[in-house]
Amino acid sequence: NRQRYNDLYDLFTALVLSMNETMLMIDPEFEVNPKKAVSRIYRDIRFSRDKTPYKTCMWFSYKRPGADMNEFPVYFFELSAGMYRYGMGFYAATKRALDAYRSGIKKDPGGFTAMVKALDKKKFYPEGEMYKKRIDNSLPDHLQDWFQRKNLYFMKTCDIDEKIFSPGIVKLLEKDFMALRPFYEFLC
């Protein structure tokens, strides 16, 4: 299956290269080298209970070089056998990153609400674990779910369809990634 993997890797490389200009408009510091952005097939099994040597999905991500994925948000696209998904957010946000995020909500709750409504229209919804107890009772109810996040990312999940096999996938990803830009900047 090596040739099949190489063919898929080449397609992912082409996808990353075709999106680089748009992604550099979002953040000029993004790592755009496909060798750094595209996932590898081999899993690191040293510390995993699952000792299968290969990954069952493939992805690419745009992040700042050397930046901790727990401190800075990351854009991503993932393909597996039955679906694809893409979005932006933290891999596993640190306390410092979440404190800055919460501080931003408190600083401008109206601006934050407007930004969230814009994402709703694009069908991006927040995902990630939440605290069970309220952290701050001074915020209005519509902001509590946002404030309670332990982790935060926005994602769209799609069944494999004709879009994934067409050149239109580039425009779709670019358009949706640009729609996430205000929230990316907010999280940075």
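Side chains are part of it too, since the values below use all heavy atoms of this structure and drop only hydrogens, waters and symmetry mates.
- The aromatic ring centres of Phe177 and Phe77 sit 6.0 Å or more apart.
- Among residue pairs with one or both ends in residues 104-117, those qualifying as side-chain hydrogen bond (donor to acceptor under 3.5 Å, both in side chains) are Lys106-Asp136, Thr113-His142; sequence neighbours excluded.
- Taking the six-membered ring where the residue is Trp, Tyr101 and Phe183 present tilted rings, their angle falling between 30° and 60°.
- Remark: Lys122 engages no residue in a salt bridge (Lys or Arg N to Asp or Glu O under 4.0 Å) (not counting sequence neighbours).
- Taken together through direct or relayed side-chain contacts under 4.5 Å among Ile, Leu, Val, Met, Phe, Trp and Tyr, Phe30 and Tyr86 form part of one hydrophobic cluster.
- Note on Leu17: it does not cluster hydrophobically with Val170, by side-chain heavy-atom contacts below 4.5 Å among ILVMFWY residues.
- The ring-ring contact (aromatic ring centres under 6.0 Å, His included) check on Phe76 picks up nothing, with sequence neighbours excluded.
- Contact between Pro73 and Phe90 at its shortest, heavy atoms only, is N-CE2, 3.7 Å.
- Transitive grouping of hydrophobic side chains (ILVMFWY, heavy atoms separated by less than 4.5 Å) brings Phe124 and Met88 into a common cluster.
- Here the side chains of Leu98 and Asn151 are not in contact, with every heavy-atom distance at 4.5 Å or above.
- Applying the salt bridge (charged side-chain N to carboxylate O under 4.0 Å, His left out) test to every pair with at least one member in residues 179-188, sequence neighbours left out, gives these pairs: Arg181-Glu185.
- One finds a salt bridge joining Arg85 and Glu78 here, because a Lys/Arg side-chain nitrogen approaches an Asp/Glu carboxylate oxygen to under 4.0 Å.
- Relative ring orientation between Phe60 and Phe12 is described as perpendicular, the plane-to-plane angle rising above 60° on a 0-90° scale split at 30° and 60°.
- Between Met130 and Asp145, the shortest heavy-atom contact is CE-O, 3.3 Å.
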For this session: Begin with the C-alpha distance, continue with both residues' side-chain angles, and end with the deciding distance and a verdict on salt bridge (charged side-chain N to carboxylate O under 4.0 Å, His left out) for Arg96 and Asp99.
Result: CA-CA 5 Å; Arg96 185 171 78 164; Asp99 286 347; over 6 Å; no
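- A side-chain hydrogen bond (donor to acceptor under 3.5 Å, both in side chains) check over residues 8-21, counting only residues at least two apart or in different chains, returns the pairs Asn20-Tyr62.
- One hydrophobic cluster holds both Leu152 and Ile26 under the rule that ILVMFWY side chains link at heavy-atom gaps under 4.5 Å.
- Remark: Lys171 engages Glu174 in a salt bridge (Lys or Arg N to Asp or Glu O under 4.0 Å) (not counting sequence neighbours).
- Asp27 and Tyr75 form no side-chain donor-acceptor contact under 3.5 Å, judged by distance and modelled atom types alone.
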